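Residue numbers start from 1 in every chain, and the chains themselves are labelled A, B, ... in the order their sequence lines are given, proteins ahead of strands. It should be emphasised that the depicted structure is a prediction, and the values quoted were computed from it without experimental measurement.
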Protein chains: 2
Amino acid sequence: MNNAGIPAATDQVRRQNTALILRSLRMNGPSTRADLAKRTGLAKATVGTIIGQLDLAGAVVEDQAQASGRGRPGRPVVLTGERTIGVGLEINVDYMSAVALDLSGRERLVETRPLAAGATPEDLVSFAVALTQRLEDDGHTIVGVTAAVPGLVDRAAGIVSSAPNLHWSQVPLRDLLAARLSPGAVVSIDNDANCAALAEGSRGAAVGSPSALYLTGTVGVGAGILVEGQVLRGGSGFAGEVGHMPIGDPRVACGCGRSGCWEASIGLRAMLTAVGMAESGTPLETARAVADRAQDDASVRDGLDSLANWLGNGIAVLSNILNPSIVILGGYFVPIGTYLVPQIREIVDAKVLAAPLQETEICLSGLGIHAAATGAAEEALSVVYAGAI
Amino acid sequence: MNNAGIPAATDQVRRQNTALILRSLRMNGPSTRADLAKRTGLAKATVGTIIGQLDLAGAVVEDQAQASGRGRPGRPVVLTGERTIGVGLEINVDYMSAVALDLSGRERLVETRPLAAGATPEDLVSFAVALTQRLEDDGHTIVGVTAAVPGLVDRAAGIVSSAPNLHWSQVPLRDLLAARLSPGAVVSIDNDANCAALAEGSRGAAVGSPSALYLTGTVGVGAGILVEGQVLRGGSGFAGEVGHMPIGDPRVACGCGRSGCWEASIGLRAMLTAVGMAESGTPLETARAVADRAQDDASVRDGLDSLANWLGNGIAVLSNILNPSIVILGGYFVPIGTYLVPQIREIVDAKVLAAPLQETEICLSGLGIHAAATGAAEEALSVVYAGAI
DNA sequence: AGTATTAGTACGAGTCTTGAACTAAGTCAA
DNA sequence: TTGACTTAGTTCAAGACTCGTACTAATACT
């Protein structure tokens, strides 16, 4: 077996068409078999066969027949899969989050725990074990678990190569989780910005977008880059480390030990220096305090202008390279976003070659602090929609 | 039919496995049916059936049986497809090129024509018509024709949106070509750097690489970004315009009308300013003259050091974003590359966050001035390898 | 000369989808 | 009220494809 590809047989046909029908139900909601046939292009007979199978598997139920005008009333098929769960986890400096989604994408559980400094992998593993045990005791089947971590994540090897803010290095997190969780679930780990981008792609601002760039804003700044709904990973999975592009103020030192990193000019600390304020709580709380002050304090607004300039320049760099349809600002950028976006918009229009030909939307994330855990849960469910289960 | 995907049936299975076998033959050269079965994971019986079909279609021939040690000697199957042709075209400021590849990737025709300033789309169309007519008169079947153009190419619409160096704007090149070429060929157009990157991915330095970045070096600078062998296109197909990242010397004006573009600091003209020399012929000839002078002139070497610094900084930016396994310098960078690469290497090692974890290879393209036309020809053939024909 | 090994083909069973035919369940018009 | 029409859903047989097994083919080895 070489890397020219994988052989195909008729069982792949069934798997592919099953996944197609699941995706169609996910996208369009309850549908009759006849609707599904029209939408997917499959024969009515095929749809009927596959729905029968999904019914047996408990992934769909049939609703009451509904009058539809002339002709026999159709019986809508509803994607439930209430018992089929994907679990997303996120660990960050001062909190851990978990989100459990069922097959239709509904949240079955959302939970956040504060963390003291010095979080260990064992904290996340224990959290995950307790939570998944509860779900399983309730009769759920967990098909996948994905953990989101802020840092360089070698997804293929299942190792957190480096997460400076957590003081983690070379942590085999996937295997630590897999050893303690039920054998049936597919366990994976990913970078937190990548996961948040996935959430935007499935239920946020990037739904339907061919190409999207998501920027996390905390002390550190990272990006998740979506290409046709898939994360751009790079040669070793380390794509998206935009915070360390050497395009920031060359006089400013970065937490990574270099000077001139973009992150050192646009991260939370740089913003606070620019507006002349101090931290007050979490990054989001701090940003809200800054937004409040900006309403009456011109020097704070000046500081935010300066931040927007650095931010806009980096986004122009990224836009020339990636040509994203949409740029989404997340994290601490959201509460102060109204002071940033107009200026970013101007810079992008001025400095991106393709700007006259394509309008790049720039917006603020609406997904809140559970974005990464939600995207991780979507990723944990992706095995079903890809037809692997 | 919606965008949840396309339905599958058993005819797709055959197509997929046929393409798999074609790709395996392309990658591994002449192989027995038993070898192909081992490599692809398909059953011997299936391989035999598919090869029989390809034999009938004239895509393969059987070679002499060869002794192989114990057991029955195998009869190698050779991918010929001599009569199946993909044509790649390139138009640039002072030349047009064409490359015709057969199904096994062998060059069947390579041709270059000088161009006077003011090239029109009609020049390329006439060139293409004459050339494809010749191929067809020789009994060849052209499955695809792809034209590479330096500029912003809207591939989906088949329009060259903007090619400043050619003074083209909104040229419907795909349709102009399709109207004059045989109806059987699939016609497409693409950006020249994207095409050159494809050539590197199929027969150059990026073969087998999960992620590659190719930089063209002429007056303009652009990039082709490969992700798993596919070009990264972005929301409207304009990804890769790295020359206009605003990370160059802010005092220097760029041909695009802005200041501070990377291209204005690393393009041919910037290099000549830095080394204090004048153009002498084509960009490649000029670069060769610079390389010769650099051997004994320290000020030229200083100028090249300065160029390498700008280049290295931009490559560090790109590497933090994209995490390429390999960076390939093409065009005028090649003759002077030995003066550039060591310093680029140092900058990348110093400024890329993932550098301690992944070695990014930096090398010079070996494909010469036909890189873009060759990549375009590979792209023209891709319909076969994807199983569409 | 017989055995072992590897290449390649023939054959029947299994999976999957499809279109046509049919049944089911309504609306509409005479 | 009845029959025609329309749309939903199921049944059935045919077609496409792959597979494993059994077999034939063609060598090397003992």
Specify the separation, in whole Å, of atom [atom1] of [X] and atom [atom2] of [N].
X      : N       : atom1 : atom2 : value
L20(A) : dC16(C) : CG    : P     : 16 Å
R75(B) : dT6(C)  : CZ    : C1'   : 13 Å
Q16(B) : dT17(C) : CD    : P     : 15 Å
L36(A) : dA8(D)  : CG    : P     : 12 Å
R33(A) : dT7(D)  : CZ    : P     : 19 Å
D55(A) : dG9(D)  : CG    : P     : 13 Å

Classify the side-chain pair E379(A)/T146(A) by whether it contains a donor and acceptor separated by less than 3.5 Å.
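Judged by distance alone, the side chains do not pair up.
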Under a 3.5 Å threshold, yes or no: a donor from one side chain and an acceptor from the other, between T374(B) and R203(B)?
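On atom types as modelled, these side chains do not qualify, holding no pair under 3.5 Å.
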Minimal non-hydrogen separation, S104(A) against R26(A), with atom names
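S104(A) and R26(A) have their closest heavy atoms at O-NE, 3.2 Å.
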For L89(A) versus A128(A), what's the shortest heavy-atom pair and its separation?
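Where L89(A) meets A128(A) most closely, the heavy atoms are CD1-CB, 3.6 Å.
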With a 4.0 Å limit, can you tell me whether R70(A) has a side-chain N or O closer than that to the phosphate oxygens OP1/OP2 of dA8(D)?
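Result: no.
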Would you check if the side chain of T18(B) reaches a backbone N or O of R14(B) as a donor-acceptor pair within less than 3.5 Å?
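Present.
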Sugar-phosphate atoms are those with a prime plus P, OP1 and OP2; base atoms are the rest. Using that split, label each nucleotide of nucleotides 12-25 of chain D B, S or - for protein heavy atoms under 4.0 Å, 5' to 3'.
----BBSBB----B
Atom pairs and distances, side-chain donor-acceptor, residues 45-57 of chain B, under 3.5 Å, sequence neighbours left out:
| unit_1 | atom_1 | unit_2 | atom_2 | d |
| --- | --- | --- | --- | --- |
| T49(B) | OG1 | A45(B) | O | 2.9 |

